[in-house]
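The sequence lines fix the lettering, A, B, ..., with proteins before strands; numbering per chain opens at 1. All figures in this text were calculated on a predicted structure; none of them were measured in a lab.
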Amino acid sequence: MPELPEVETIRAGLEPVLVGQTVTEVHIRQAQLRYLIPGDLPPILRGQKIMALQRRAKYLLLQMEQGIVLIHLGMSGSLRFVSTDQPPERHDHVDFVLDHGILRYRDPRRFGLVLWHPACADPHRLLQHLGPEPLGDEFTSAYLCNKAQGSKRAIKNFIMDSQVVVGVGNIYANEALFLARIHPLRLAGTLSMHEWKELQRNIVAVLHAGIKAGGTTLQDFVNGSGKPGYFQQQLLVYGRDKAPCPVCGEELHKEVIGQRSSWFCPVCQR
DNA sequence: AAATTCTCCTGAAGGC
DNA sequence: TGCCTTCAGGAGAATT
């Protein structure tokens, strides 16, 4: 499931391959994703050159000459650069045919999106109201503490809220809270400054570690070249039902919080 | 108004 | 073996 490290892995891998290539054709086999892919996407993109591949939150922004192709991978999406003779498989919904190959979008569960946003002053509505990037300068413990003033939400829900900070999905939220030794059900408004510092530091650390490992491949994540990531080998609590806590040995506890599976150590995390 | 719940979808896993 | 049920999950939309 692509979280920020996975999306960044894809972006960094594809950008040098894609920039400078021109779209010659777009094939849409399945337009019904989270939102319907606009039917005029092929004629709009035809002939446009790719200027950059950027990322905001978990959105990939394919910068074209006349606007942006907004791409989200949902939870099962992948974006790969393949040769022109590679036939599409099941769930390969969109092909962007380029000068030297095909940029192929696959998404079995179709929670992702592919949208066109013409160049203009306004950012796309889906990009408004997003919180700061977790790997940027704005994401500080002071910011978090201030943002959480009076909040009675569980801290896990708080840090997974994209209006608070973007890109922290379920896997990395579990890991960061464990490393920071904070119980996922603690109310956001009750954390001490020391705890905010630990949490901020560990969110950054776990995301960096994820990027360094090339992402987390649980079922189907692959990067722009079709290769899996390896961060799953470093997961300390996520998905580890009844495993011993790697720190104290106590049995890890699983609980659904905000409709998301959560694992934590009832002894270490307070 | 903040916080929670619903919703889209498919594949994997579990039960019988 | 196979059919049926359950569940996971990003995040915007709807609801409380």
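For the OP1/OP2 pair of B:dC9 and a distance below 4.0 Å, the side-chain nitrogens and oxygens of A:Y35 include no atom meeting the criterion. For C:dG9, neither phosphate oxygen OP1 nor OP2 lies less than 4.0 angstrom from any side-chain nitrogen or oxygen of A:S76. Considering only side-chain N and O atoms, A:S261 lies under 4.0 angstrom from the phosphate OP1 or OP2 of C:dA8. Distances shorter than 4.0 Å separate some side-chain N or O of A:H72 from OP1 or OP2 on C:dA11. OP1 or OP2 of C:dA13 lies within a sub-4.0 Å distance of a side-chain N or O belonging to A:R125.
The interatomic distance linking A:E89 (CD) with B:dG11 (P) rounds to 13 Å, in whole Å. Protein atom CG of A:L113 is 9 Å distant from nucleotide atom P of C:dG12, rounded to whole Å. Distance, A:H124 NE2 to C:dG12 P: 11 Å, rounded to whole Å. One interatomic measurement links the two molecules: CG of A:D161 to C1' of C:dG12, which rounds to 12 Å at whole-angstrom precision. In this structure, the CG atom of A:L126 is 11 Å from the P atom of C:dA11, given to the nearest Å. In this structure, A:L33 atom CG and B:dT7 atom C1' are separated by 15 Å, rounded to whole Å. The nearest whole Å value for the distance from the CD atom in A:Q128 to the C1' atom in C:dA11 is 16 Å. In this structure, A:H129 places its NE2 atom 14 Å from C1' of C:dA11, rounding to the nearest Å.
A:K254 and A:S262 share no side-chain donor-acceptor pair at under 3.5 Å. Side-chain contact, A:D107 with A:Y105: a donor N or O sits under 3.5 Å from an acceptor N or O. For the residue pair A:N157 / A:D161, no side-chain donor-acceptor distance below 3.5 Å is found, with atom types taken as modelled.
Picking from B:dC9, B:dA3, B:dT5 the nucleotide with the shortest atom distance to the side chain of A:R109 gives B:dC9. Picking from C:dA13, B:dC6, C:dG9 the nucleotide with the shortest atom distance to the side chain of A:Q259 gives B:dC6. Comparing C:dA11, C:dG12, B:dT4 by their closest approach to the side chain of A:K58 singles out C:dA11. Ranking C:dA13, C:dG9, B:dC9 by closeness to the A:R260 side chain, first place goes to C:dG9. Of the listed nucleotides (B:dA3, C:dG9, B:dT10), B:dA3 has the atom at the smallest distance from the side chain of A:K152.
Within 4.0 Å of A:Q32, counting heavy atoms only, lies no atom of the nucleic acid at all. Using a 4.0 Å heavy-atom distance criterion, A:F158 is classed as making no nucleic acid contact. At the heavy-atom level, A:R34 lies under 4.0 Å from base atoms of the strands shown.
With sequence neighbours left out, A:A243 forms a side chain to side chain contact (heavy atoms under 4.5 Å, CB included) with A:R240, A:L252.
A salt bridge is absent between A:K242 and A:E251: the closest approach of a Lys/Arg side-chain nitrogen to an acidic carboxylate oxygen does not fall below 4.0 angstrom. Under a 4.0 Å N-O distance rule, the pair A:E6/A:K58 does not qualify as a salt bridge.
Atom OG1 of residue A:T84 and atom CG of residue A:L98 lie 10.5 Å apart, to the nearest 0.5 angstrom.
Across A:E15, A:R11, A:Q63, a single residue satisfies side-chain hydrogen bond (donor to acceptor under 3.5 Å, both in side chains) together with A:Q54, and that is A:Q63.
The residue among A:S151 and A:R110 whose nearest nucleotide of DNA chain B is located toward the 5' end is A:S151. A residue-by-residue look at A:A154 and A:F111 shows that A:A154 has its nearest nucleotide of DNA chain B further toward the 5' end.
Summary for the helix from B:dA2-C:dT16 to B:dC16-C:dG2: the axes at its two ends, each from 5 pairs, differ by 50° when rounded to the nearest 10 degrees.
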